[in-house]
Q: 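Got a structure here, written out as structure tokens. Questions coming.
Source: prediction; values computed, not measured.
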Amino acid sequence: MPVESWTGWPYREALSHEGVPRRRVAMNQCVRFTLVVLIAWRAFQEGSFHGWGLLVLAGGIAVFAAVARGYFRTTLEHRLLPSLGLLGLLFTLGLVVQLFGAYSPARSLWAVGAIIAVERLPMAYALPAAAVHALAYGLVNEDRPVVTAGTCVGLALVGYALRLDAEARGTGFRLLAQERAARAAEAESAALAERARIAREIHDVLAHSLSAQLVHLEAARLLIERGESDERILERVVLARGMAREGLAETRQALSALRGEMAQVGDFLREVADSQGAAVEVTGEPRQLPAEAGLAVRRVAQEALTNVRKHAPGAPVRVRFAYLDGEVELEVRDGGARRAAGGLASTGSGYGLLGMRERAELLGGTLEAGPAGPGQEGFVVRLRVPG
């Protein structure tokens, strides 16, 4: 047996009433009360408690109840010396009862001491304490030596059986508490992840909306510097205002998607492609995508079309979306040459596609963005995510 098993206390859950049904607690209390009454009755019958001796008997009963209560409390608190002291007091109480001629109650007290020592103390201290009580019991017992020895061993076994039962219950209660703590931690982690997801969605919506507004506002600034007519400048300002409204609408859409209230991705792509004058193609069997996958497709499509307006305005754009086996693929391809940084191309943070790539990787997907193949003009953004 490991050293810790000899010197370690039983679990606090095993020494307390935690996890014990109320009916069993009540039954245990009834058994203890009945035991006290029987010991007191046997002491009254056998001992010479007459006159003032009755006061001694009543005091002995009160001391026994106080010792038992204190012992259960000190062992619950894992206080070794007070527990051993109370066991010694119980042993002494048995000697006092014996001096008054009550041998059966004395044996009962020592038997109880042996049982509760093994049940609640560390084994390194429980066995010597139980041995002392069992030895006193054997010296007073009038049965044959073999029967007496068997009874003493039986007292230790009873205490050990009660100890194992309590430890099994305590272990089960500890596992239940750990499981509840794990569930609480898991729920907290899920809540934090959900908050992070909502924050990411709102960030992406605002980043796209503000980037598109900057495109139009930068165009308005250039028109003002060139002395263009007020009508053309107003047109750009109105477009920027429209993008602000679209940003608010997209924010509401993102929140609706997080609640599972979003339309299919194919319908959204057709709508956004028509507003940008892009050709759209949807293949495969349409199905409802997980919220995060659907939002990723939407954000990448919006970001890619915004980049076309910034870097290749007027270029033909083709949007292709495919429902594949266990995943979906989005491709946004434009046929225009990239402009050098400056004017509208210099607006925005430049981190849009980088954020989309991070989003795709979080979902277990990929995002590729770069020039079209050899001999082809334009830029290609290709997203593939599980869904």
Q: When you measure from the side chain of H133 to the backbone N and O of G88, does any donor-acceptor pair fall under 3.5 Å?
A: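 Looks like no, no N/O pair under 3.5 Å.
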
Q: Would you call T283 and E281 a side-chain contact if the rule is heavy atoms closer than 4.5 Å?
A: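 Yes, side chains in contact.
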
Q: Within the 4.5 Å heavy-atom criterion, are F379 and R333 side-chain neighbours or not?
A: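 Of all side-chain heavy-atom pairs linking R333 with F379, none is under 4.5 Å.
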
Q: Examine L162 and L155 and state if one hydrophobic cluster contains both, with Ile, Leu, Val, Met, Phe, Trp and Tyr joined whenever side-chain heavy atoms are less than 4.5 Å apart.
A: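 Result: yes, single cluster for both.
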
Q: With a sphere of 6.0 Å drawn around CZ of R232, does it hold more than 12 non-hydrogen atoms of other residues, nucleotides or ligands?
A: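 At most 12 heavy atoms, drawn from other residues, nucleotides or ligands, come within 6.0 Å of this atom.
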
Q: Which residues pass the salt bridge (Lys or Arg N to Asp or Glu O under 4.0 Å) test with R183, not counting sequence neighbours?
A: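 R183 satisfies salt bridge (Lys or Arg N to Asp or Glu O under 4.0 Å) with E179 only.
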
Q: Closest heavy-atom contact between V328 and R287?
A: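 Minimum heavy-atom separation between V328 and R287: CG1-NH2, 4.0 Å.
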
Q: What are the two closest heavy atoms between A293 and P386, and how far apart are they?
A: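 For A293 versus P386, the nearest heavy atoms are CB-O, 3.5 Å.
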
Q: If a pair satisfies ring pair (Phe, Tyr, Trp, His ring centres under 6.0 Å) and one of its residues is in residues 313-334, list it, with sequence neighbours excluded.
A: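 Residue pairs with at least one partner in residues 313-334: F321-Y323.
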
Q: If I take atom CD1 from residue I224 and atom CZ from residue R226, how far apart are they, to the nearest 0.5 angstrom?
A: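 So the CD1 of I224 and the CZ of R226 are separated by 12.0 Å.
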
Q: If I take atom CG from residue L289 and atom CD from residue E327, how far apart are they, to the nearest 0.5 angstrom?
A: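 So the CG of L289 and the CD of E327 are separated by 11.5 Å.
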
Q: Can you measure from CZ (F64) to CG (L90) and round to the nearest 0.5 angstrom?
A: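 Output value for this atom pair is 6.0 Å.
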
Q: Within the 3.5 Å criterion, strictly below it, is a donor on T74 or S83 matched to an acceptor on the partner's side chain?
A: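 Yes.
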
Q: Do E329 and R320 sit within salt-bridge range, that is, some charged N less than 4.0 Å from a carboxylate O?
A: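 Salt bridge between E329 and R320, a charged N being under 4.0 Å from a carboxylate O: yes.
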
Q: Which pair of non-hydrogen atoms, one from A134 and one from A114, has the smallest distance, and what is that distance?
A: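 Scanning both residues completely, I find the closest heavy atoms to be N-CB, 4.5 Å.
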
Q: So, taking the atom named OH in Y160 and the one named CE in M123, what distance separates them when rounded to the nearest 0.5 Å?
A: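 Answer rounded to 0.5 Å: 6.0 Å.
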
Q: So does L121 get a backbone contact from the side chain of W9, meaning a donor-acceptor N/O pair under 3.5 Å?
A: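 No; judged by distance alone, with no hydrogens or angles, the pair does not exist.
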
Q: When you look at V265 and V282, which way does the side-chain contact (heavy atoms from CB on, under 4.5 Å) test go after all the steps?
A: CA-CA 10 Å; V265 174; V282 178; over 6 Å; no

Q: Any chain of hydrophobic side-chain contacts (each under 4.5 Å) joining V237 to L222?
A: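 As far as the 4.5 Å side-chain criterion goes, L222 and V237 are not connected within one cluster.
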
Q: Does one hydrophobic cluster hold both L324 and L330, with members joined at side-chain heavy-atom distances below 4.5 Å?
A: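 Per the 4.5 Å side-chain linkage, L324 and L330 are not co-clustered.
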
Q: Starting from V380, can I reach L305 by hopping between I/L/V/M/F/W/Y residues whose side chains sit under 4.5 Å apart?
A: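 Looking at the clustering, V380 is in a separate group from L305.
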
Q: Check for a donor-acceptor pair, side chain of R120 on one end and backbone N or O of F72 on the other, with a separation under 3.5 Å.
A: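 Checking the backbone N and O of F72 against the side chain of R120, a donor-acceptor pair under 3.5 Å is found.
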
Q: Do E303 and R299 meet the salt-bridge criterion of a basic N to acidic O distance under 4.0 Å?
A: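 So R299 does not pair with E303 through a salt bridge.
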
Q: Run the salt bridge (Lys or Arg N to Asp or Glu O under 4.0 Å) test on E368 and R382 for me, step by step, so that the C-alpha distance in whole Å, both residues' side-chain angles and the decisive distance to 0.1 Å come before the verdict.
A: CA-CA 5 Å; E368 302 173 357; R382 185 177 295 107; 3.5 Å; yes

Q: Where is the tightest heavy-atom contact between A301 and V332, given as atom of each residue plus distance?
A: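 For A301 and V332, the tightest heavy-atom pair comes out as CA-CG2, 4.5 Å.
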
Q: Go through V132 and L87 one step at a time and tell me if the side-chain contact (heavy atoms from CB on, under 4.5 Å) criterion holds.
A: CA-CA 10 Å; V132 171; L87 270 182; over 6 Å; no

Q: Could you grab the distance from atom CG of L86 to atom CZ of F91, nearest 0.5 Å is fine?
A: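 Between atom CG of L86 and atom CZ of F91 there are 15.5 Å.
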
Q: Answer yes or no: is there a side-chain heavy-atom contact under 4.5 Å between V63 and V67?
A: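 Yes, their side chains come closer than 4.5 Å.
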
Q: Walk me through it: do L89 and L93 pass the test side-chain contact (heavy atoms from CB on, under 4.5 Å)?
A: CA-CA 6 Å; L89 186 58; L93 184 61; 5.8 Å; no

Q: Are there more than 12 heavy atoms of other residues, nucleotides or ligands under 6.0 Å from atom OH of Y125?
A: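 For Y125, atom OH is not crowded (no more than 12 foreign heavy atoms under 6.0 Å).
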
Q: Measure the spacing between CG of N307 and CD of Q302 and express it to the nearest 0.5 Å.
A: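 The CG atom of N307 sits 12.0 Å away from the CD atom of Q302.
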
Q: Do side-chain atoms of R298 reach the backbone of G294 as a donor and acceptor pair under 3.5 angstrom?
A: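 Yes; judged by distance alone, with no hydrogens or angles, the pair exists.
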
Q: Can you get from V112 to V153 by hopping between Ile, Leu, Val, Met, Phe, Trp and Tyr side chains that sit under 4.5 Å apart?
A: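 Each belongs to a different hydrophobic cluster.
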
Q: With heavy-atom distances below 4.5 Å as the criterion, would you say the side chains of L269 and V297 are in contact?
A: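 Touching, per the 4.5 Å side-chain cut-off.
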
